[in-house]
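Pasting a structure below so you can have a look.
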Amino acid sequence: MAYLTLSKINKIYPNGYHAVHNFDLEIEKGEFIVFVGPSGCGKSTTLRMIAGLEDISNGDFLINGQRANEWGPRERQIAMVFQSYALYPQMTVFDNIAFGLTLQGVDEEVIEEKVKKTAAILGLTDYLDRLPRALSGGQRQRVAIGRAIIRKVGVFLMDEPLSNLDAKQRVTMRSEIAQIHRQTGATTIYVTHDQTEAMTLADRIVVMKDGYVQQIGTPKELYYDPVNVFVAGFIGEPPMNFIRGTVKGGKIAFGKNQLDVARKLGGKAKQYEGKEIVFGFRPEAIELGEKSDAYVVKAAVELTEMLGDNTNVYITAEEDKAILKVDPHDTPETDSTITFSIPYGDVYLFEGDTENVIK
Ligand code: ADP
């Protein structure tokens with residue numbers, strides 16, 4: 001039996017806005033689940049329904065198999081970390097972390113032991129006497145996390161916890177959150193619009209768009225097996241390249257390059273004749289030069305971006321544009337013409353109208 005079950009969960013706000021549609025998900029104990037998607041897709045709304053901060057309009061929410069729709073936030077045994085840390089400025093780190101336990105009237109010795117243990121997990125041992133204003137953003141966020149994990153709860157909810165940190169702090173804190181999860185083993189649901197956070201933290205990712213779940217899977221499954229153009233374009237950085245075209249004589253055009261659709265689709269190619277399809281390939285899934293078992297494309301180099309460990313090459317072929325990721329030693333000249341190959345196995349084809357992947 002799953003620990004948390006969301007079954008056909010819907011949210012319709014009082015103004016009639018239908019923010020979440022038939023959300024289905026089973027979460028096992030200890031899993032790290034990430035809800036990811038662009039701003040406004042319904043991630044926070046779903047998280048708040050799980051927390052008990054927002055009514056569930058219809059559908060069932062179960063904790064350990066028991067219907068919990070009507071349970072209050074406390075009964076649910078859930079702790080939430082928000083993007084604003086909401087620390088008490090006049091209280092020390094120790095008191096901020098201890099706050100929930102103090103309220104519950106827990107024994108002082110027990111509190112001391114628990115705070116010390118929590119601070120050790122979070123690397124805050126040396127900061128217990130400080131006030132929040134004397135901490136960095138990352139340290140403040142750790143205090144906020146400490147305040148949540150010190151309580152013995154079943155589930156941790158985090159809503160964009162890193163969004164107030166600068167880029168460097170975000171990377172550090174991201175790995176710390178992963179480490180805290182390994183140490184505590186707490187079931188975690190984490191909301192972000194950042195695909196890198198989703199890919200690096202999650203056991204499983206739920207990709208959302210416009211209130212609908214698009215796909216649920218491990219980072220690997222979403223990267224290698226996206227169900228549609230949206231997921232394919234959302235997961236991966238730089239994003240997957242998409243070339244739209246109509247199949248004519250079994251081929252679609254990528255600039256002046258004619259790509260034989262049957263190489264990918266076999267006998268199914270015929271049913272797409274005269275139809276629009278989307279040809280997708282990842283920037284990193286190419287090889288320079290002309291290879292076998294691959295689509296070979298000639299294109300002009302518009303711009304290169306040297307990033308150190310790789311170079312992003314922006315190419316154009318007539319109206320079509322794409323980004324290629326190449327070894328920095330192979331960085332081509334701007335305005336030169338290059339030939340590159342996309343192995344058949346690394347190409348994704350999608351239907352032009354539904355944008356669903358063609359298997
Ligand atoms: P996300 O977390 O993915 O950015 P939200 O869950 O916050 O998205 O919001 C989903 C949609 O619901 C958005 O279009 C938002 O404007 C709308 N929404 C959020 N809160 C309310 C509310 N109280 N009343 C009406 N619409 C709301």
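All ligand and atom numbering here is 1-based and tracks the order in the structure.
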* To do: Report yes if the side chains of I235 and M199 come closer than 4.5 Å at any heavy-atom pair, otherwise no.
  => yes
* To do: Measure up the Y295 and Y344 rings against each other and bin them: parallel (under 30°), tilted (30 to 60°), perpendicular (over 60°).
  => perpendicular
* Asked: Just by distance, do the side chain of N310 and the backbone of D327 share a donor-acceptor pair under 3.5 Å?
  -> no
* Nearest heavy-atom pair of Y3 and G154: which atoms, and what distance? ->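 Looking at all heavy atoms of both residues, the shortest contact is OH-CA, 3.1 Å.
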* Asked: Near ligand 1, which residues have a heavy atom under 4.0 Å away from one of its atoms?
  ->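 Residues within 4.0 Å of ligand 1: Y13, N15, Y17, A19, P38, S39, G40, C41, G42, K43, S44, T45.
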* To do: Over 60° means perpendicular and under 30° means parallel, so classify the ring planes of F254 and F340, tilted if in between.
  =>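 Perpendicular: the ring planes of F340 and F254 meet at over 60°.
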* Determine, using ring centers only, whether F35 and F23 are less than 6.0 Å apart. =>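 Between F23 and F35, the centre distance is under 6.0 Å.
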